[in-house]
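Only a predicted model underlies this, so the values are computations on that prediction, with no experimental measurement involved.
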There are 2 protein chains.
Amino acid sequence: MFSKACEYGIKATIFIAVNSSENRRVSPKEISEEIDSPQAFTAKILQALVRHKVVKSVRGAYGGFEIDKGKIATIKLSQIVFAIDGDQIYKGCGLGLHTCNEKHPCPVHDKFMVVREELRDMLENTTLEQLALDIKSGVAFLKI
Amino acid sequence: MFSKACEYGIKATIFIAVNSSENRRVSPKEISEEIDSPQAFTAKILQALVRHKVVKSVRGAYGGFEIDKGKIATIKLSQIVFAIDGDQIYKGCGLGLHTCNEKHPCPVHDKFMVVREELRDMLENTTLEQLALDIKSGVAFLKI
DNA sequence: CATAAATAGGATAAATTTATCCGAAATAAG
DNA sequence: CTTATTTCGGATAAATTTATCCTATTTATG
Ligand code: FES
Ligand code: FES
């Protein structure tokens, strides 16, 4: 469904949120250990998230990645996915036609739209805060 | 969402169904032209569909691909997807945890399950016949 | 200012997916 | 039986995604 890069990006962002809520910056090393992902690759994905202003990076000694506490409740899962995988997952045709078009639909268009809208709805109505809370309370996990 | 191979496989199967319903066998060349896909790659995907008994192949002169007329109404979209992409799309964790597990869920598990079930439901309740009819009646298209 | 610690980013490699090529095997028809 | 036609399947190549490595740049601190 999502690319590996996107999976890592989502988990990394959640982990950063959990730590930022407790005023701790985290490094790519710490992140990749906690979410069980390749470190250098994860660092690259974090760069993309920084460029898209989903997370903030602080360079130099005592630096690391963080998210403004106040922003955690406003960041939606959709923003993370969009920063990494783009919007093809919402907008693309399920059978790969050049564009998904009501007027020139592929055979699965109507049925596919329902699923895609459900996904879009889910991504746009899930906040980083909700996800981070489940990690903090120990009801959800980021690895294994 | 689906791999290229799966997209080609679905469109190819629909095209074969349309033609089989009119007692015509079709070749990979004809198929790839009608669904706008690379010929040799499409042929490989057709082999997989034959192995999984979704379509039938007839070798030699006047051969080609076909689907038993009576079977067209019984083949579900899920069978095609499963033959090519496997069941990861139903069963895999949305964030790439080793297994999707109610007892050890990732942070998006509950919400992701809803979308995934919607997709499974869609794939298992869409028959090849429905898809082929939309092509025959000209309300849906296999390319562009 | 010097130093150590940390992210940024370019170059490169490995793995996977997508795509091509070609000879082998099968089959209908003459 | 021979020939033409057609799928099968292995080998290979190209493209994309995933992953690693190394140097440059930034920044806090002494
Ligand atoms: S045209 Fe294929 S999903 Fe809309
Ligand atoms: S554990 Fe991640 S989707 Fe179920």
Side-chain angles (χ1 to χ4, degrees), chain A residues 1-13 15-16 19-20 24-33 35-67 81 83-86 88-89 92 95-96, chain B residues 1-13 15-16 19-20 24-33 35-67 81 83-86 88-89 92 95-96:
Chain A
M1 183 84 79
F2 303 121
S3 68
K4 277 286 162 202
C6 196
E7 291 177 3
Y8 298 153
I10 294 170
K11 289 189 280 192
T13 307
F15 181 68
I16 295 169
N19 282 276
S20 289
R24 264 198 312 268
R25 282 182 192 148
V26 287
S27 66
K29 182 166 185 296
E30 199 180 348
I31 295 170
S32 60
E33 276 164 4
I35 73 175
D36 198 21
S37 68
Q39 182 179 331
F41 188 45
T42 307
K44 279 271 186 289
I45 297 160
L46 288 167
Q47 283 180 36
L49 289 168
V50 169
R51 276 195 299 275
H52 282 83
K53 302 196 192 305
V54 174
V55 307
K56 217 169 80 179
S57 72
V58 181
R59 283 178 162 205
Y62 295 83
F65 294 89
E66 63 181 29
I67 303 176
V81 173
I84 303 171
D85 278 355
Q88 195 60 10
I89 203 165
L95 294 188
Chain B
M1 184 84 78
F2 303 121
S3 67
K4 276 285 163 204
C6 197
E7 291 177 1
Y8 298 153
I10 293 170
K11 289 189 280 192
T13 307
F15 181 69
I16 296 168
N19 282 277
S20 288
R24 266 197 312 266
R25 284 182 190 146
V26 286
S27 65
K29 181 166 186 296
E30 200 179 348
I31 295 170
S32 59
E33 276 164 3
I35 72 174
D36 199 21
S37 68
Q39 181 178 334
F41 188 45
T42 307
K44 279 269 186 288
I45 296 159
L46 288 167
Q47 283 179 37
L49 290 168
V50 169
R51 277 196 298 277
H52 282 84
K53 302 196 192 304
V54 174
V55 307
K56 218 168 81 178
S57 70
V58 181
R59 283 177 161 203
Y62 295 83
F65 294 89
E66 63 180 29
I67 303 176
V81 173
I84 302 170
D85 278 355
Q88 196 59 11
I89 202 165
L95 295 187

Rounded interatomic separation in angstrom, taking CG from A/Leu49 and P from C/dT7:
14 Å
Calculate the interatomic distance between B/Lys56 atom NZ and C/dT27 atom P; express it in whole Å.
12 Å
Nearest to the side chain of A/Ser57 - C/dT7, D/dG9, C/dA19?
C/dT7
Among the nucleotides D/dC8, D/dT20, C/dA19, whichever has the atom closest to the side chain of A/Pro38 is D/dT20
In terms of side-chain heavy atoms of B/Ser3, which of C/dT18, C/dT20, D/dT27 is nearest?
C/dT18
Using the side-chain heavy atoms of A/Arg59, tell me which of these nucleotides is nearest: D/dT27, D/dG9, D/dT7.
D/dT27
What contact category does B/Val55 fall into here, base, sugar-phosphate, or nothing, at under 4.0 angstrom with non-hydrogen atoms?
nothing
Hey, which of these two, A/Cys6 or A/Tyr62, hits DNA chain D nearer its 5' end, going by closest nucleotide?
A/Cys6
Counting C-beta onward and ignoring hydrogens, is there a side-chain heavy-atom pair between B/Leu46 and B/Ile16 closer than 4.5 Å?
yes
Ion pair present between B/Glu33 and B/Lys29, side-chain N to carboxylate O less than 4.0 angstrom?
yes
May I ask you to test the B/Cys6-B/Val81 pair for a side-chain heavy-atom distance under 4.5 Å?
yes
Using the side-chain heavy atoms of B/Lys4, tell me which of these nucleotides is nearest: D/dT18, C/dA19, C/dC21.
C/dA19
Ignoring the backbone of A/Phe41, work out which of C/dA8, D/dT7, D/dT20 is nearest its side chain.
D/dT20
From C/dA28, C/dG9, C/dT7, nucleotide with atom closest to A/Pro28 side chain
C/dT7
Pairwise 5' ranking along DNA chain C for A/Leu46 and B/Ala61, keeping only the more 5' one:
A/Leu46
Can you measure A/Glu30 atom CD to C/dA5 atom P for me and round it to whole angstrom units?
16 Å
Within the 4.5 Å heavy-atom criterion, are B/Phe65 and B/Val50 side-chain neighbours or not?
yes
Of the listed C/dA26, C/dG9, D/dT18, the closest approach to the A/Lys44 side chain comes from C/dG9
Does the B/Asp85 side chain pair with the main chain of B/Phe2, one donor and one acceptor, at a distance under 3.5 Å?
no
Could you state the atom-to-atom distance from CD of A/Gln47 to P of D/dC21 in whole Å?
17 Å
To the nearest Å, how far apart are B/Ile84 CD1 and C/dA19 P?
13 Å
Is there a side-chain contact between A/Tyr8 and the phosphate of D/dA19, meaning an N or O under 4.0 Å from OP1 or OP2?
yes
Within this structure, what is the CD1-to-P distance between B/Ile31 and D/dT7, rounded to whole angstrom?
8 Å
Side chain of B/Arg51 only, please: which of C/dT7, D/dA19, D/dG9 is the nearest?
D/dG9
Round to a whole Å and report the spacing from CD of B/Glu66 to C1' of C/dT27.
14 Å
